[in-house]
Amino acid sequence: MIGENISTLRKKRKLTQEALAEQVGVARQTVVKWENGDSVPDLLMAGKLASALDVTLDDLTSAAPGQSPGADILKGKYIFGLVTVGDKGQIVIPVRARRVFRINPGDQMMMLGDEERGLALVHANFFLEVAEVMNRENK
């Protein structure tokens, strides 16, 4: 499936296999192998491909058969409005956002940042759950 998605997205963006290969730092033959299903990109390369093709990793790897990758790009996306940063750096999360993401008083949030894409808040519980899964897999 990922090979078909790479091919579809590449063509949609009017990129040659050579141009895509150059953007992600591999040989053209590597892109050919991915598109033909002879091999699959590792996680690092999949991330580079998603970036070059302007889609999420999820869109790149798991679009449903017959569905155009990236078709549901707005699914689960929200605009909650503006927030103001206070004198001490505090922000107030809008009520609707707190309801949608079940954020309650006292919840701890992890703030992540990307200089190109901005800031994100993630429930601290997410990281605990990931650690538990990794711990189970290592046993």
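One is the number of the first residue; the rest follow in order along the sequence. All values below come from the heavy atoms of this structure, side chains included, with hydrogens, waters and symmetry mates left out.
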For [X], I'd like to know if atom [atom1] has over 12 heavy atoms of other residues, nucleotides or ligands within 6.0 Å.
| X | atom1 | result |
| --- | --- | --- |
| Gln23 | CD | yes |
| Leu43 | CG | no |
| Gln90 | CD | yes |

Using the rule that Ile, Leu, Val, Met, Phe, Trp and Tyr join whenever any side-chain heavy atoms are under 4.5 Å apart, tell me whether [X] and [Y] fall into a single cluster.
| X | Y | result |
| --- | --- | --- |
| Val83 | Leu112 | no |
| Met110 | Met134 | yes |
| Val92 | Met109 | no |
| Val26 | Leu9 | yes |
| Ile103 | Met111 | yes |

Give a yes or no on whether the backbone of [Y] and the side-chain of [X] come within a donor-acceptor separation of less than 3.5 Å.
| X | Y | answer |
| --- | --- | --- |
| Arg10 | Leu15 | yes |
| Glu18 | Thr16 | no |
| His123 | Phe101 | yes |
| Asn36 | Asp38 | no |

With a 3.5 Å cut-off and sequence neighbours excluded, list the donor-acceptor pairs that the side chains of residues 124-132 form with protein atoms.
none

Pairwise distance [atom1]([X]) to [atom2]([Y]) - rounded to 0.5 angstrom:
| X | Y | atom1 | atom2 | value |
| --- | --- | --- | --- | --- |
| Ile93 | Leu121 | CD1 | CG | 5.5 Å |
| Lys48 | Leu20 | NZ | CG | 12.0 Å |
| Glu35 | Thr30 | CD | OG1 | 11.5 Å |
| Arg28 | Glu22 | CZ | CD | 13.0 Å |
| Ser39 | Met45 | OG | CE | 11.5 Å |

For the residue pair [X] and [Y], establish whether any side-chain heavy-atom pair is separated by less than 4.5 Å.
| X | Y | result |
| --- | --- | --- |
| Leu60 | Ile6 | yes |
| Val95 | Arg98 | yes |
| Ile2 | Leu49 | no |

If you take all heavy atoms of [X] and [Y], which pair is closest and at what distance?
| X | Y | answer |
| --- | --- | --- |
| Ala52 | Val24 | CB-CG1, 4.0 Å |
| Asp107 | Asn104 | OD2-N, 2.7 Å |
| Gly113 | Leu119 | CA-CD2, 4.0 Å |
| Pro41 | Ala46 | CB-N, 4.0 Å |

(message) For Ser7, give me all partners under side-chain hydrogen bond (donor to acceptor under 3.5 Å, both in side chains), at least two apart in sequence or on another chain.
(response) Lys11
